[in-house]
Structure formats: structure tokens, C-alpha cells
Amino acid sequence: DSLDDAIARALRFLKQTTPSGVCAMFEYQRERDSFRCTNAVGDPAELLTGLVISNGDRITGWAGANRQTAINSDAVLDLGPIAELFNPPLRRAISCPIEIDSQTHGVLTVYCDREQGFEEKHVDTLEHVSESIALRLRGRQESEVFI
């Protein structure tokens with residue numbers, strides 16, 4: 001499978017195992033010092049694809065810059081007015097960095113419409129998926145060295 005296929009499968013898994021309305025993968029862009037949404041799953045996920053969040057800004061950027069998971073943050077703080085375009089509107093978010101060798105390569109963020117947000121088991125699931133993607137990214141980097 002390609003890396004994009006693996007990420008799309010991981011996002012679909014998160015959508016099925018958490019109360020998320022939409023799940024997104026934000027890849028770090030070193031030249032812009034920002035995170036760009038390269039993959040999203042949910043309805044309508046296309047609202048997020050291509051969205052750019054500066055490193056350290058909003059919830060996704062904060063999680064990436066600080067290399068810490070942000071739990072049950074206000075989705076509007078991350079997406080601004082885009083959160084209200086979903087039906088029902090998005091209320092809470094979990095953002096989890098994807099790290100390789102102590103460097104952030106991306107952030108996984110899931111959003112839900114529940115005011116009470118996510119449970120601890122959902123955080124654990126997101127962190128596990130984040131680690132799996134990091135392993136896949138590390139494998140891609142190692143294979144590129146030998147090419």
C-alpha cells in the first residue's frame with residue numbers, strides 16, 4: 001500500500017472507532033513552518049483538505065509545536081468558522097502529533113459534534129494510530145536513503 005492509502009485507512013479506522021465527524025491528517029511543511037491538511041475523512045471532508053495551520057497556531061499547530069496531545073479542545077479554536085459548516089457543527093477536537101526521532105512530521109486531528117467531547121479510550125486510540133503512522137513514515141524515510 002502507498003503511504004496515502006495507509007493514512008486514508010487509518011483515518012477511516014478513527015472515524016469508525018471514535019465519535020468523530022471528521023478526521024484529518026496535517027503534514028508538516030518545513031519550508032512554510034506550517035501544517036497542511038493532506039487527507040481528511042468525514043462529511044464534508046473536502047472543507048478541510050488543503051487547510052493550512054501555522055506551526056504553534058490553533059490547536060493542531062499547538063499540538064505539533066509542543067509535541068503533546070491536545071484533548072477536547074474547542075473545534076472552533078482550530079477551524080474557525082469552518083467548524084460551523086458541518087451538520088451538526090463540530091464542537092470538540094483531539095490533536096495528536098506524529099513524531100519521528102523527536103521531530104514532528106504531522107498532526108492527526110479528529111473532530112466531533114458532542115459537547116462533552118471524547119473519552120480517554122478515544123485519546124488512546126488516536127495516539128496509537130499516530131504511532132503507527134510514524135512507523136510507516138520512518139520506514140518510507142529509511143527506504144528513500146537507499147534509493
Side-chain angles (χ1 to χ4, degrees), residues 1-113 117-118 122-145 147:
D1 290 38
S2 72
L3 182 59
D4 282 340
D5 289 341
I7 290 171
R9 240 185 5 264
L11 294 178
R12 286 192 303 271
F13 171 78
L14 287 170
K15 179 104 172 56
Q16 293 172 347
T17 58
T18 68
S20 58
V22 66
C23 305
M25 167 69 176
F26 292 84
E27 289 188 35
Y28 182 65
Q29 300 176 309
R30 187 170 268 78
E31 68 282 354
R32 294 181 69 187
D33 194 28
S34 62
F35 296 92
R36 181 177 176 272
C37 181
T38 54
N39 300 77
V41 172
D43 188 30
E46 63 272 5
L47 291 174
L48 298 185
T49 305
L51 177 68
V52 176
I53 297 176
S54 295
N55 190 18
D57 288 350
R58 303 186 189 194
I59 307 307
T60 295
W62 181 91
N66 291 286
R67 299 190 334 245
Q68 294 181 13
T69 301
I71 303 167
N72 283 325
S73 303
D74 187 331
V76 174
L77 294 177
D78 202 42
L79 299 176
I82 294 172
E84 299 297 323
L85 297 177
F86 288 83
N87 186 19
L90 302 175
R91 296 291 172 232
R92 295 284 172 240
I94 305 174
S95 293
C96 181
I98 298 170
E99 296 181 61
I100 302 171
D101 301 326
S102 299
Q103 292 185 357
T104 302
H105 286 257
V107 176
L108 278 180
T109 302
V110 296
Y111 305 91
C112 74
D113 60 12
F118 296 92
H122 303 132
V123 176
D124 293 342
T125 300
L126 184 67
E127 289 177 340
H128 177 74
V129 170
S130 173
E131 290 170 8
S132 297
I133 291 173
L135 289 173
R136 186 71 179 250
L137 287 169
R138 177 176 293 147
R140 179 180 74 175
Q141 288 178 340
E142 289 172 356
S143 68
E144 289 173 354
V145 170
I147 293 178

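Residues take their numbers from the sequence shown, with the count starting at 1.
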Minimum-distance pair of heavy atoms, taken over all atoms of [X] and [Y]:
{"X": "Cys112", "Y": "Ser20", "answer": "CB-CA, 4.1 Å"}
{"X": "Asp78", "Y": "Ile59", "answer": "OD1-N, 3.0 Å"}
{"X": "Met25", "Y": "Glu27", "answer": "CE-CG, 3.8 Å"}
{"X": "Lys15", "Y": "Cys23", "answer": "N-SG, 3.6 Å"}
{"X": "Ser34", "Y": "Val52", "answer": "OG-CG1, 3.5 Å"}
{"X": "Phe26", "Y": "Ile53", "answer": "CE2-CD1, 3.9 Å"}

Starting at [atom1] of [X], measure out to [atom2] of [Y] and round the result to the nearest 0.5 Å.
{"X": "Ile7", "Y": "Ser132", "atom1": "CD1", "atom2": "OG", "value": "11.5 Å"}
{"X": "Ser95", "Y": "Leu77", "atom1": "OG", "atom2": "CG", "value": "11.0 Å"}
{"X": "Ile94", "Y": "Thr60", "atom1": "CD1", "atom2": "OG1", "value": "11.5 Å"}
{"X": "Ile100", "Y": "Leu135", "atom1": "CD1", "atom2": "CG", "value": "8.5 Å"}
{"X": "Arg30", "Y": "Asn55", "atom1": "CZ", "atom2": "CG", "value": "10.0 Å"}

Run Arg91 and Asp74 through side chain to side chain contact (heavy atoms under 4.5 Å, CB included) and show every step you take. CA-CA 6 Å; Arg91 296 291 172 232; Asp74 187 331; over 6 Å; no
Side chains of [X] and [Y]: does their closest heavy-atom pair fall under 4.5 Å?
{"X": "Arg36", "Y": "Leu51", "value": "no"}
{"X": "Phe86", "Y": "Leu47", "value": "yes"}
{"X": "Leu48", "Y": "Leu79", "value": "yes"}

Kindly write out the residues that satisfy side chain to side chain donor-acceptor pair (under 3.5 Å) with Glu127, not counting sequence neighbours, or none if the list is empty.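 With sequence neighbours excluded, Glu127 shows a side chain to side chain donor-acceptor pair (under 3.5 Å) to Thr69, given in chain and number order.
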Looking only at the side chains, is there a donor atom on one of Thr125 and Thr17 sitting less than 3.5 Å from an acceptor on the other?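 Judged by distance alone, the side chains do not pair up.
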Any Lys/Arg nitrogen of Arg136 or Glu131 sitting under 4.0 Å from an Asp/Glu carboxylate oxygen of the other?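 So Arg136 does not pair with Glu131 through a salt bridge.
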